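Working notes, beginning with the structure itself.
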Amino acid sequence: MAVPDSFLKPYDPGATEDRIYSLWEKSGFFDPDDLPERNKNGEPFSIVLPPPNVTGTLHMGHAAMLAIEDIMIRYKRMRGYRTLWLPGTDHAAIATQSKVEKEIVKKEGKNRHDLGREEFLKRVGEFAKNSHDTIVNQVRKMGASVDWSREAFTLDEKRSFAVRTAFKRMYDMGLIYRGNRIVNWDPKGQTTISDDEIVYKEEKTKFYYFKYGPFVIGTARPETKFGDKYVVMHPDDARYAAYKHGQKIDLEWINGPITATVIKDASIDMEFGTGVMTITPWHSAVDFDIAERHKLDKEQIIDTFGKLLPVAGEFAGMKIAEARPKIVEKLRAKGLVEKEEDYVHNIATAERTGGLVEPQIMKQWFVGVNTRFEIPGAKKGSSSKTLKEIMKEAVESGKIKIIPDRFEKIYYHWIDNLRDWCISRQIWYGHRVPVWYRRAEIGDERLDIRDERSETREEVYVGVEAPEGEGWRQDEDTLDTWFSSGLWTFSTLGWPEETEDLKLYHPTDVLETGYDILFFWVARMILMTGCLLGDVPFKTVYLHGLVRDGKGRKMSKSLDNIIDPLDMIKKYGGDATRLSLIIGTGPGNDLKLSEDKVRGYKNFANKLWNITRFVLESAGGEAIDKAFEGYTDADAKLRKARRAFLEEITREMEEFKFYLVGEKLYHYAWHEFADKILEDSKKIFREGDEKAQRSRRQLLLHTLDDILRALHPFMPFVTEEIWRAMDRDQGMLMVQEWPIA
RNA sequence: GCGCGAUUAGCUCAGUUGGUAGAGCAAUCCCUUUACACGGGAAAGGCCGGGGGUUCAAGUCCCUCAUCGCGCACCA
């Protein structure tokens, strides 16, 4: 076969990659239903793409994710599996809404309330659509062999149906309930957020000791103390043995005399402060629990805008920051301040808005993680479990393996601290809570008994579709975005319908994602799949790290150190970008990326290009002979070494050590094949006899053939392009066999 | 506070069940030799964070300390 003219010039990824990608797309091989017979008869292998948020564009973290998953999929495809890699995007409720609202405020000076719910949602929808198109383009540029025919969106019609079905079923199982419980309220975003959406920041503040009747109490938050009428101590604390549980004590407090009640509770730490505290159940989760245990009154002190309520008397209407020093001043004037100390603690801020999170008691929807229920499909009565138990057992039993395994410990630890999951959000963009209300007649037996704290009696309807009849209004709230993402492995496959896809591809084989969303997403998927399908969502979790800049700093706009994957692809090609994100990092570890690294792998693509040119020129038109056995002793030895090498990397592929395989292939192709074998060949072609020359020609052809196959999952574009130049009869490289059976 | 990880060549990292320290990049010197200067050749570079222990043998196992990073919990 002749050497194509294109090989006389350096390899040009820019002129190649888009063309190759559209050839792949046209082949249909991304879709498991259109794969060659070998694959269609093979075992299914499935991955769902962690759906990128439609908040803008993809970053290097996404690019790394795409590279790793494409390696897995292409490898398995070549090994004959029936591979499905299912793409999609995430509406990312609060993230997208706040991004769009910020833009509208900036450009038009209007907020979402000025536009109204309908118009605002229309605008968010347009934004999401644009983001989606950008993202899809970027996914293509990375060479990702995803099945576009099955693309999904967490907020499209099918997924919405799945969400409503899931909500309804979990409600019927008793796992979803509505209640007045303490939640994390973000006054800036005007919504609840989950425990995992809190970012703790260190803050230096004052810690005050106040005289509270005969006691001294400590606090960092004087502004919550107005309503405190319970004073709590440990039952075993000898210092306060004289005071009995339930005892009333009259004392002078901020705004005059009050009557306090003594409560003995074992949760008090005798070592901390004075061992005595007053409680504010409305604004502290710990205090709330104490109040629940002893059935104490709860009173709201701070409103949803972070201002003090009338209970604060003269301080009512003030913001916390303004009121705090004034309150302390008043207490000091009354002689109630014992002392103050400098104090460092962590304050809770909202991840999205940066607002100071204020615990509040609110009527919200929750998923009960400690509620016992029957798992669907399991033998009756045999398996009453809690969601916590399900999540724990999925990993403990080995049904799910987390790579690297140290994250299993972190996962267990998180479950141990898990509280009921608040799923309702006071934002507009997202899945509307599928619940409808109307005023109920007194004594109506359809009253929701789980809603026991409700002040107004109302009928509650939970359903997949709106109820029949007059007077119903739907819940204004939307669901936490992770509620819909939690269904992702099966909602994308057609659930709740019992589709062929669901049977074939679920549980999925691998979930590959960043360790930073282990709790947000991975754990929630295990939870949702466990209770709705009685199964696990995936068998292996492969966690990648964060992509940082060359100095190990997080990439951010303010540091101006962002490396854009599209820039890198444009300058150095998709293959080079992929390799730079694979090599030099193991699972669970952060990756330091610099432009030099990407450049280096571009050179490697060109090296492959020139290796091919040499091999083809040397072959002088001779084709690869699959059954060739006439090797010289030296070549037979090289062939044997190559087989051993390929076996080694195949083993490592099975162990998810892609970083290692990528590096070894690089080394083998360049420093073994090119530097040694090719160089030696020159002498053989100059001086060797016919047998030696023929042996060497076949060795080169076979070695290059193996290298292209093995390297294809890592560098799909350049290997496919070379493959086309070498042999047009066999069809695409992407569906050829992996070099080792 | 509890837990996890990292510490190996100038930099980024490998190092499988313990058995004489590896790769890439960078740096140094040489080479425009007909696959490739997006290249080739050569040489250089390491008390494997400190200390202790187990062992015939420790980068690897155990203990301890230090520095950096991360997660969780927060205490009123």
Side-chain angles (χ1 to χ4, degrees), chain A residues 3 7-13 195-196 198 200 207-210 217-222 224-225 228 231-233 265 267-280 283-287 290 343 345-348 404-418 515-516 518-519 545-546 548 550-552 572-573 576 579-580 583-586 588-594 596-597 599-618 648 651-652 655 657 659-660 662-664 666-668 670-671 674-675 678-679 681-682 686 700:
Chain A
V3 183
F7 281 86
L8 301 178
K9 287 181 291 186
Y11 172 63
D12 180 2
D195 290 349
D196 301 284
I198 288 178
Y200 288 97
F207 192 79
Y208 302 96
Y209 289 88
F210 297 140
I217 58 155
T219 185
R221 299 202 58 190
T224 64
K225 298 283 123 189
D228 289 10
V231 59
V232 192
M233 59 214 71
D265 192 283
S267 68
I268 299 297
D269 179 358
M270 288 187 268
E271 307 291 313
F272 188 85
T274 57
V276 184
M277 69 178 210
T278 60
I279 57 168
T280 316
H283 300 291
S284 155
V286 177
D287 295 3
I290 294 172
Y343 184 60
H345 69 154
N346 290 325
I347 51 164
D405 59 9
R406 63 188 155 91
F407 281 96
E408 293 185 358
K409 276 184 220 158
I410 298 173
Y411 173 79
Y412 294 138
H413 189 235
W414 177 80
I415 294 174
D416 289 340
N417 288 306
L418 188 62
Y515 66 73
D516 51 328
L518 177 63
F519 306 143
L546 264 52
R548 297 170 177 277
K551 292 175 188 157
Y572 310 109
L579 271 191
S580 72
I583 296 176
T585 180
N589 290 330
D590 292 352
L591 168 77
K592 294 192 182 90
L593 182 74
S594 60
D596 282 343
K597 192 174 175 188
R599 189 183 299 120
Y601 292 115
K602 179 187 189 241
N603 297 350
F604 178 50
N606 189 54
K607 187 73 185 178
L608 277 180
W609 195 248
N610 285 294
I611 286 171
T612 305
R613 179 176 161 194
F614 179 85
V615 172
L616 292 182
E617 280 175 2
S618 307
E648 178 184 314
R651 202 165 49 241
E652 285 160 350
E655 290 165 359
K657 293 180 177 168
Y659 57 100
L660 210 56
E663 190 174 328
K664 283 184 177 177
Y666 176 97
H667 190 251
Y668 183 82
W670 198 318
H671 301 298
D675 289 352
L678 256 53
E679 289 304 322
S681 302
K682 291 176 183 172
R686 214 162 44 228
L700 295 187

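All values derive from a computational prediction rather than experimental measurement.
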Where the side chain of [X] is concerned, which of [options] is the nearest nucleotide?
X: A:Phe519; options: B:C72, B:C4, B:C38; answer: B:C72
X: A:Tyr601; options: B:G24, B:A35, B:A73; answer: B:G24
X: A:Phe272; options: B:C38, B:G39, B:C75; answer: B:C75
X: A:Tyr659; options: B:A73, B:A14, B:U12; answer: B:A14
X: A:Tyr666; options: B:G24, B:C72, B:A35; answer: B:G24
X: A:Val286; options: B:C75, B:C36, B:G71; answer: B:C75
X: A:Asp269; options: B:A14, B:C75, B:A23; answer: B:C75

Over all strands shown, is [X] touching base, sugar-phosphate only, or nothing at heavy-atom distances under 4.0 angstrom?
X: A:Phe7; result: nothing
X: A:Ile611; result: base
X: A:Asp675; result: sugar-phosphate
X: A:Ala220; result: sugar-phosphate
X: A:Glu617; result: sugar-phosphate
X: A:Lys225; result: sugar-phosphate
X: A:Ser594; result: nothing
X: A:Glu271; result: nothing
X: A:Asp287; result: nothing

| query | Counting N and O atoms only, with roles assigned by atom type, does the side chain of A:Ser284 sit under 3.5 Å from a partner on the main chain of A:Asp287, one being a donor and the other an acceptor? | reply |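 Pair found, side chain donor or acceptor close to backbone of A:Asp287.
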| field | Any donor-acceptor N/O pair, A:Asp265 side chain to A:Ile290 backbone, under 3.5 Å | value |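 Judged by distance alone, no pair lies under 3.5 Å.
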Would you please confirm or rule out a distance under 4.0 Å between OP1 or OP2 of [N] and any side-chain N or O of [X]?
X: A:His667; N: B:A14; result: no
X: A:Lys607; N: B:G24; result: no
X: A:Tyr209; N: B:C75; result: no
X: A:Asn417; N: B:G71; result: no
X: A:Asn603; N: B:G39; result: yes
X: A:Lys592; N: B:C13; result: yes
X: A:Lys657; N: B:U16; result: no

| query | Got a second to check how far A:Lys9's NZ is from A:Asn606's CG, nearest 0.5 Å? | reply |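 Here the rounded value is 12.5 Å.
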| query | Taking the nucleotide of RNA chain B with the closest heavy atom to each, which residue, A:Phe207 or A:Gly600, is nearer the 5' end? | reply |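 Whichever sits nearer the 5' end wins; that is A:Gly600.
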| said: Closest-nucleotide mapping onto RNA chain B: is A:Thr612 or A:Ile268 further toward the 5' terminus? I mean the 5' end. | reply: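 So the residue in question is A:Thr612.
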Quick one: [X] [atom1] to [N] [atom2], roughly how many Å, whole number?
X: A:Arg599; N: B:A26; atom1: CZ; atom2: P; result: 9 Å
X: A:His671; N: B:C36; atom1: NE2; atom2: P; result: 18 Å
X: A:Ile198; N: B:A73; atom1: CD1; atom2: P; result: 8 Å
X: A:Glu408; N: B:G5; atom1: CD; atom2: P; result: 13 Å
X: A:Trp670; N: B:C36; atom1: CH2; atom2: C1'; result: 9 Å
X: A:Leu518; N: B:C70; atom1: CG; atom2: C1'; result: 13 Å
X: A:Tyr200; N: B:C75; atom1: OH; atom2: P; result: 8 Å
X: A:Leu418; N: B:A73; atom1: CG; atom2: C1'; result: 14 Å

How far does the [atom1] atom of [N] sit from the matching atom of [M], given to the nearest Å?
N: B:U55; M: B:C63; atom1: C1'; answer: 16 Å
N: B:A6; M: B:G49; atom1: C1'; answer: 11 Å
N: B:U20; M: B:C25; atom1: P; answer: 26 Å
N: B:A66; M: B:A26; atom1: P; answer: 39 Å
N: B:G18; M: B:C62; atom1: P; answer: 11 Å
N: B:U16; M: B:C72; atom1: P; answer: 30 Å
N: B:G45; M: B:A23; atom1: C1'; answer: 14 Å
N: B:U28; M: B:C36; atom1: P; answer: 26 Å

Tell me the partner of [N], counting only Watson-Crick (N1-N3 plus N6-O4 or O6-N4) or G-U wobble (N1-O2 and O6-N3) with both under 3.5 Å; none if nothing fits.
N: B:A66; result: B:U7
N: B:G1; result: B:C72
N: B:A14; result: none
N: B:A57; result: none
N: B:A44; result: none

| Per the atom types in the model, does the base of B:A14 pair as donor or acceptor with the side chain of A:Glu652 at under 3.5 Å? |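 A donor-acceptor contact between them is absent.
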| said: When you measure only distances, ignoring hydrogens and angles, does the side chain of A:Lys597 come within 3.5 Å of the base of B:C25 through a donor and an acceptor? | reply: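 Flag unset: no donor-acceptor pair detected.
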| query | What do you reckon, are the aromatic ring centroids of A:Tyr666 and A:Tyr601 less than 6.0 Å apart? | reply |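 Yes, the ring of A:Tyr666 comes within the 6.0 Å limit of the ring of A:Tyr601, centre to centre.
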| Taking the six-membered ring for Trp, are A:Phe407 and A:Tyr515 ring centroids under 6.0 Å apart? |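 Yes, close enough.
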| Looking only at heavy atoms, which two atoms of A:Asp228 and A:Thr224 are closest? And how far apart? |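 Scanning both residues completely, I find the closest heavy atoms to be OD1-O, 3.4 Å.
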| Any side-chain heavy-atom pair of A:Trp670 and A:Phe604 under 4.5 Å |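 When only atoms from C-beta onward are counted, A:Phe604 and A:Trp670 do touch, with a gap below 4.5 Å.
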| Do the non-hydrogen side-chain atoms of A:Asp596 and A:Arg599 ever get within less than 4.5 Å of each other? |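 A side-chain contact exists here, since the closest heavy-atom pair is under 4.5 Å.
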| request: Can you label the angle between the A:Phe272 ring and the A:Phe207 ring as parallel, tilted or perpendicular, going by 30° and 60°? | output: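 Taking A:Phe207 first and then A:Phe272, their aromatic rings stand perpendicular (interplane angle over 60°).
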| request: For salt bridge (Lys or Arg N to Asp or Glu O under 4.0 Å), just list the numbers for A:Arg651 and A:Glu655, CA-CA rounded to whole Å, side-chain angles, deciding distance to a tenth of an Å, and then say yes or no. | output: CA-CA 6 Å; A:Arg651 202 165 49 241; A:Glu655 290 165 359; 5.2 Å; no
